[in-house]
Enquirer: 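The structure under discussion is supplied below as structure tokens; questions concerning it will follow.
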Amino acid sequence: MNLDQSLRTEIQKALTALFNQTVDHVQLQPTNQEFEGSHTLVCFPLAKISKKGPEETARLIGEYLVTHTGFVSRFNVVKGFLNLVIADRVWMEVFHSIYANKNFGNLPANDQEIMIEYSSPNTNKPLHLGHLRNNFLGYAVAEIYKALGYTVHKVQIINDRGIHICKSMAAWKLFGKGETPHSSGIKGDHLVGKYYVEFDKNLKAQVKDLIQQGVSEADAEKQAPIMQLAIDMLRKWEAKDPETVHLWKTMNGWVYEGFGSTYKRMGVDFDKLYYESETYLLGKNEVLRGLDNGAFFKKDDGSVWVDLTSDGLDQKVLLRSDGTSVYMTQDIGTAILRFRDFPKISRQVYTVGNEQEYHFKVLFLILAKLGYAWAKECYHLSYGMVDLPTGKMKSREGTVVDADDLMQEMVDEAEKQSRELGKIEEATDQQIKELSEMIGLGALKFFLLKVDPKKRMLFDPNESIQLQGHTGPFIQYTHARIRAIIRKAETMGISPDEGYWKNVNSLEPAEREVIFLISNYIHKLNEAARDYSPAVIANFAFDLAKGYNQFYQSIPIFNEADQDKLKFRIAFSSVVADVIKRAMAVLGIQVPERM
RNA sequence: GGUCCGAUAGCUCAACUGGAUAGAGCAUCAGCCUUCUAAGCUGACGGUUCGGGGUUCGAGUCCCUGUCGGAUCACCA
């Protein structure tokens, strides 16, 4: 049963009976801890239709609900707030409906399809902390929609072509001496990244020399021989020069292999990959089509532009004067291709940092100008940058936090702390490894997901490896604790079949509180989906774990003499474990049986 | 300079979209393991919600204004 819905219905009935009117929206909110009750009706707005003061209105509604419905056992009125105490028998019904629903937390398919893009790295350097936030966020949003019954397509666009990869290629050609991941023992993406750094180092030196020779700063970068080589490679690549294409394929291959293992460890996946090299030509054609039908215009030097001044934006280049495409060009092609591939999708979500807000504003306007009605279904899930205590991450200053390194550190730390706490003395090496992986990544994911995505966040390494308090491991620990209880119950032969615990008619406050939390799960999923905010679920899981721990500490389960109550508490505990597991799974976090 | 976003406890974050005396975690201090896992629980301390106006029964939340951060406005991606 849906208590919230039922209450709203009853309240409307009360309004009709008492005042002969209804309202569009009844303001029902959780009751503050300091007052008795679980649901609070805000009665200030109702004073208008009752033609009485808020307190009097609240009292009348409260009395009606107690006498005319089976839900409310008593009530109190504080100012214009009507605090309702739901009967324990009703809470038991709420619990029962959750217990009996094997698919609680997963809604049936709703026949809607959406696409979620995330990750989408460049292929010239390894993934870093910013990508971790992006990936965990995109993955979690996708899982949230799946839980709500949507068919979800997880995709990414791989920026595999362009000047950035040519820079790595140029440096490798000059200094690489045939080095490969195999020969060097370096992970592919890191190896390619090494040459990207090498490129930058050499470019800087060459630019410095040129400036000393009297070349202007702006020209120096273009004239530097190593930059010339990279630009030449980009040109050759577009002309399909076999040698260049071969090198490009080889080095991208190294990167994909490296990314593959990183994604695997992160626990994220994709249903379909798009490659910029395969979409930019479509984008180019679309731009030319837009030029023909007057959506865009050409400047004297041959470059193609879109004028968005009537939309409050600027003019934006779509094709360079030499006819080559820019970032925007391929994004146009990619978007069109995706809607061709998946004509049923009703929304496309781009998980991309907020530094690109302008870009997406422009992109969506361009798609609309090209006549695509679905342009309005495109949404930029814009998230804030991850800052370090030392300030911004800057690849050029070497302050980026590498994704592979960070995950390893978290796992090592988890293992260290497990050992210190003496948790894993009887475990095998394999079990220790798996558990540390689960805890380390759980800590990392929770840390990055608990903050509202829109907000910029601070990544303090010391705080992120905390395993106590508002953390993933705290929740994982609660799950493990409950599982221990379930195991004990099983060895004692206690099985919570319905007949027994349905006789339970009174609840402890902690039990009531936890049932209330659980009953809000679907609501929280909807809220998280609406706001594209896994933080809602992260905080839900934390609150639930916290609530259960309060129950756990105040009530020794196996000391209970009443067998019906004992069985109820086993069932109750197993439901909590299950909901924690599901909520965490939606966040991409696994929970252990023991820890 | 234009546009957009942000500012809440010493620190990191919440606050159900306008509701009650603004809540958690960390840190600090004081308690709780002979009892189901102490990675836990209980309590204490901690606030002019950046400043100033306004809207209304009611504002951290909406409007105006100022201050301070950040992003963006490339023939980069």
Side-chain angles (χ1 to χ4, degrees), chain A residues 27-35 40 42-45 47 53-54 78-81 83 120 122 124 159 162-164 276 299 301-305 312-314 316-322 324-328 330-331 353-359 361-362 382 384-385 387 389 392 414 417-418 420-421 423 439 443 447 450-452 454-460 462-464 466-471 473-478 480-489 520 523-524 527 530-531 535-536 539 542-543 545-546 549-559 569 573 594-595:
Chain A
Q27 282 189 50
L28 205 55
Q29 63 187 38
T31 305
N32 282 11
Q33 287 295 339
E34 63 211 278
F35 303 112
T40 293
V42 183
C43 294
F44 297 96
V78 182
K79 297 188 201 170
F81 297 95
N83 302 319
S120 305
N122 288 347
N124 63 332
N159 300 300
I163 193 68
H164 52 87
E276 184 184 346
K299 288 196 177 172
D301 62 5
S303 56
V304 178
W305 295 70
L313 305 177
D314 293 320
K316 189 87 188 168
V317 67
L318 300 178
L319 286 178
R320 296 193 185 96
S321 49
D322 65 2
T324 56
S325 62
V326 293
Y327 182 47
M328 188 65 77
Q330 65 89 4
D331 260 354
N354 63 9
E355 73 226 340
Q356 295 196 36
E357 276 173 9
Y358 185 80
H359 171 79
K361 224 176 258 178
V362 172
S382 164
M385 297 289 96
D387 290 331
K392 261 193 81 166
Q417 295 200 31
S418 292
E420 279 170 8
L421 290 166
K423 296 277 185 182
I439 296 172
F447 188 87
K450 72 179 178 186
V451 180
D452 182 342
K454 289 193 294 289
K455 293 194 177 170
R456 197 166 101 217
M457 71 174 291
L458 182 75
F459 185 85
D460 184 338
N462 295 325
E463 202 179 318
S464 69
Q466 277 279 350
L467 308 183
Q468 289 103 10
H470 193 195
T471 67
F474 167 88
I475 301 166
Q476 290 173 319
Y477 174 73
T478 306
R481 235 182 184 183
I482 299 175
R483 293 302 305 162
I485 286 172
I486 305 301
R487 283 193 299 272
K488 180 169 177 181
N520 272 331
H523 177 72
K524 292 286 179 186
E527 195 183 321
R530 183 197 62 198
D531 295 343
V536 172
N539 289 321
F542 175 73
D543 290 340
K546 183 119 184 103
N549 280 330
Q550 281 162 11
F551 159 80
Y552 180 93
Q553 99 89 31
S554 61
I555 297 160
I557 294 177
F558 291 103
N559 285 4
R569 285 180 183 149
S573 297
R594 301 164 214 267
M595 72 183 270

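Keep in mind it's a predicted model, so treat the numbers as computed, not measured. Numbered from 1 within each chain, the chains take letters A, B, ... in sequence-line order.
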Enquirer: Give the nucleotide from the list B:rU37, B:rA77, B:rA20 with an atom nearest to the side chain of A:Phe81.
Expert: B:rA20
Enquirer: Does B:rG1 have a Watson-Crick or wobble mate here (both distances under 3.5 Å), and if so which one?
Expert: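 With both distances under 3.5 Å, B:rG1 matches B:rC73.
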Enquirer: Between A:Asp452 and A:Lys454, does at least one N-O distance fall below 4.0 Å, as a salt bridge requires?
Expert: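 Answer for the salt bridge query: yes.
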Enquirer: Measuring from the side chain of A:Lys546 (C-beta onward, heavy atoms only), which nucleotide among B:rG25, B:rG19, B:rU21 has the closest atom?
Expert: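 Closest nucleotide among those given: B:rG25.
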Enquirer: Rounded to whole angstroms, how far apart are CG on A:Asp452 and C1' on B:rG60?
Expert: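 So the CG-C1' distance, A:Asp452 to B:rG60, works out to 15 Å.
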Enquirer: Would you mind classifying the nucleic acid contact of A:Leu319 as base, sugar-phosphate or nothing, using non-hydrogen atoms under 4.0 angstrom?
Expert: nothing
Enquirer: From the set B:rG40, B:rC73, B:rC16, return the single nucleotide nearest to any side-chain atom of A:Tyr358.
Expert: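 The listed nucleotide nearest to A:Tyr358's side chain is B:rC73.
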Enquirer: Quick one: label A:Asn122 by what it contacts on the DNA or RNA (base, sugar-phosphate, nothing), any heavy atom closer than 4.0 Å.
Expert: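 Sugar-phosphate, backbone atoms only, no base.
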Enquirer: Output, in order, the C-alpha distance, side-chain angles, deciding distance and verdict of side chain to side chain donor-acceptor pair (under 3.5 Å) for A:Asn549 and A:Arg481.
Expert: CA-CA 9 Å; A:Asn549 280 330; A:Arg481 235 182 184 183; 2.8 Å; yes
Enquirer: Classify the nucleic acid contact of A:Ser418 as base, sugar-phosphate or nothing, counting any heavy atom under 4.0 Å across all strands shown.
Expert: base
Enquirer: For RNA chain B, whose closest nucleotide is more 5', that of A:Pro473 or that of A:Pro556?
Expert: A:Pro556
Enquirer: Counting side-chain heavy atoms from C-beta on, which of B:rG19, B:rG6, B:rC36 comes nearest to A:Ile485?
Expert: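 For the A:Ile485 side chain, the nearest candidate turns out to be B:rC36.
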Enquirer: Report the residue (A:Lys450 or A:Lys299) whose heavy-atom-nearest nucleotide on RNA chain B is the more 5′ of the two.
Expert: A:Lys450
Enquirer: I want to verify the glycosidic state of B:rU49; is it syn or anti under the 90° rule?
Expert: anti
Enquirer: Taking 4.0 Å as the cut-off, does a side-chain nitrogen or oxygen of A:Gln553 come that near to OP1 or OP2 on B:rA38?
Expert: no
Enquirer: Look at all strands and tell whether A:Glu34 reaches a base, only sugar-phosphate, or nothing, counting heavy atoms closer than 4.0 Å.
Expert: base
Enquirer: Among B:rA77, B:rU17, B:rC36, which nucleotide has an atom closest to any side-chain atom of A:Phe558?
Expert: B:rC36
Enquirer: Does the Lys NZ or Arg CZ of A:Lys450 fall within the cation-pi geometry relative to A:Phe542 - under 6.0 Å from the ring centre and within 45° of the axis?
Expert: no
Enquirer: Categorize A:Lys423 for me: base, sugar-phosphate, or nothing, with a 4.0 angstrom heavy-atom threshold over every strand shown.
Expert: base
Enquirer: Within less than 4.0 Å of OP1 or OP2 of B:rC57, is there a side-chain N or O belonging to A:Lys79?
Expert: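 No, no such contact exists.
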Enquirer: Quickly work out the A:Asn32 CG to B:rA24 P distance and round it to whole Å.
Expert: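 Rounded to whole Å, this separation is 11 Å.
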Enquirer: So A:Val451, base contact, sugar-phosphate only, or nothing? Heavy-atom distance under 4.0 Å.
Expert: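 Touches sugar-phosphate only.
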Enquirer: Which part of the nucleic acid, if any, lies within contact of A:Lys361, taking any heavy atom under 4.0 Å across all strands shown: a base, the sugar-phosphate backbone alone, or nothing?
Expert: nothing
Enquirer: Report the nucleotide, chosen from B:rC13, B:rG19, B:rU37, that has the shortest atom-to-atom distance to any side-chain atom of A:Arg487.
Expert: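 That would be B:rU37.
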Enquirer: Among the candidates B:rA20, B:rG25, B:rA77, find the nucleotide nearest to the side-chain atoms of A:Tyr327.
Expert: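 Looking only at side-chain atoms, A:Tyr327 lies closest to B:rA77.
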Enquirer: Mind checking if A:Phe35 touches a base, just sugar-phosphate, or nothing, with heavy atoms under 4.0 Å?
Expert: base
Enquirer: How close or far is atom P of B:rU12 from atom CE of A:Met457, stated in whole angstroms?
Expert: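 In whole Å, B:rU12 P lies 11 Å from A:Met457 CE.
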Enquirer: What's the closest nucleotide to the side chain of A:Arg456 if the choices are B:rA77, B:rU17, B:rG69?
Expert: B:rG69
Enquirer: At their closest point, which heavy atom of A:Tyr358 faces which heavy atom of A:Asp314, and how far apart are they?
Expert: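 It is OH-N, 3.3 Å.
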Enquirer: Given B:rA77, B:rC36, B:rU21, identify the nucleotide with an atom nearest to the side chain of A:Ile557.
Expert: B:rC36
Enquirer: With the side chain of A:Arg320 defined as its heavy atoms from C-beta on, choose the nearest nucleotide among B:rA20, B:rC76, B:rG25.
Expert: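 Shortest atom-to-atom distance from the side chain points to B:rC76.
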Enquirer: Looking at B:rU37, I'd like to know if its phosphate oxygens (OP1 or OP2) sit under 4.0 Å from a side-chain N or O belonging to A:Lys488.
Expert: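 For A:Lys488, the contact criterion (side-chain N or O under 4.0 Å from OP1 or OP2 of B:rU37) is not met.
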Enquirer: Can you name the closest pair of heavy atoms from A:Ala47 and A:Pro54 and give their distance?
Expert: CB-N, 4.2 Å
Enquirer: Have a look at B:rC33 and give me syn or anti from its glycosidic angle (syn if within 90° of zero).
Expert: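 Syn, since the glycosidic angle lies within 90° of 0.
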Enquirer: State the pairing partner of B:rG18; accept Watson-Crick or G-U wobble contacts with both distances under 3.5 Å, and report none otherwise.
Expert: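 Base partner found: none.
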Enquirer: Looking across every strand, which nucleic acid part, if any, lies under 4.0 Å from A:Pro30 by heavy atom: base, sugar-phosphate, or nothing?
Expert: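 Here A:Pro30 touches the bases of the nucleic acid.
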